[in-house]
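Keep in mind that the numbers below use all heavy atoms, side chains included, and drop hydrogens, waters and symmetry copies. Every value quoted in this text rests on a predicted model; they were computed, and no experiment measured them.
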Amino acid sequence: MFALYGNAWYLDFVRKRWEALRQEPDQAAALARARQTGGVHLVAPIVAFALVIAAVVVPHLNLPSWGGGSVALVRDGYMTGYSSTTIGKALAASFDHAEWQSFTSDKGATVVKFTGKINASLHANAIEQLMRPVNEAATDNDINTRYGSYDTLLPYYQTAIEHLKARNRLQPIADKHGCAQSATQASCDAIRATFTLMREVVETWAEDAYWPVGEPVEIQWTVNPDGRSFSLASMNSNAWKGKPFSDIFAVLYD
């Protein structure tokens, strides 16, 4: 707009100023005033040139976002299937030391990255969801239903045993459930396989090592070419190894 109409606007402005000066009775004084108010201001072209350079260079710099553009698109958006709250609010409630930034990948794609550390609330929520099937079935009259719920703990049981053994914390739990050191190895192994022992072993391990507080995470989205939508690209954390995106978001949005 300035390029197209700038000269016309400026000419109109000058003509009005000149017409005003022509009304002065003393033409010599009018010419003197014209000389004082005319001329070129050096600051204006310098500022204009700086703005042009900034407009050309800044989009190509990998600078952290200041709350607008691609970061705002993702932060204020929603994950498919989770429309209860925005991505930004869900992550703010789940992570400490949260940081957002956007950058251009080597292939020219716009990427939005979130980093943070698991907070106490998310840690507790992850454990609650892990133990939920067992807790919900604890009073079920159907024995098959009650003990069938423990199948959800089996993938974690051996990991939990190894974790507690390494910290000399397994034997007190085993003793509590009747697996005393004086018992034969066969009976001891059999008792370890009982459901109540499994539950306490997994719960104790989970308090230490399941989605632990302070564990770093990184989530990335790729902004689609239309600039108005985005796709989840990656979710990385030691706490999430082997877990599909859907399981992770189920805990984040629970």
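The residue from His97, Glu99, Gln101, Gln220 that alone fulfils the side chain to side chain contact (heavy atoms under 4.5 Å, CB included) condition with Thr115 is Glu99.
Residue-environment remark: NZ (Lys89) stays at or below the threshold of 12 foreign heavy atoms within 6.0 Å. Taking a 6.0 Å sphere around CG of Asp142, one finds it holds more than 12 heavy atoms contributed by other residues, nucleotides or ligands.
In this structure a side-chain-to-backbone donor-acceptor pair under 3.5 Å is missing from Asn224 to Asp226. Not a single donor-acceptor pair under 3.5 Å links the side chain of Asp76 to the backbone N or O of Gly88. Remark: the backbone N or O of Arg146 is paired with a side-chain donor or acceptor of Ser149 at under 3.5 angstrom. For the pair Ser102 (side chain) and Val112 (backbone), a donor-acceptor distance under 3.5 Å is absent.
The two residues Ile118 and Pro212 come nearest to each other via the heavy atoms CB-O, 3.5 Å. Nearest approach of Leu73 to Gly227, heavy atoms of both residues: CD2-O, 3.8 Å.
A donor-acceptor contact closer than 3.5 angstrom links the side chains of Gln171 and Asp175.
The CG atom of Leu122 lies 11.5 Å from the CD atom of Glu215; values are rounded to the nearest 0.5 Å. Atom CZ in Arg75 sits 7.0 Å away from atom CH2 in Trp100 (nearest 0.5 Å).
Salt-bridge annotation for Asp208 and Arg169: present, with a side-chain N of the basic residue lying under 4.0 Å from a carboxylate O of the acidic one.
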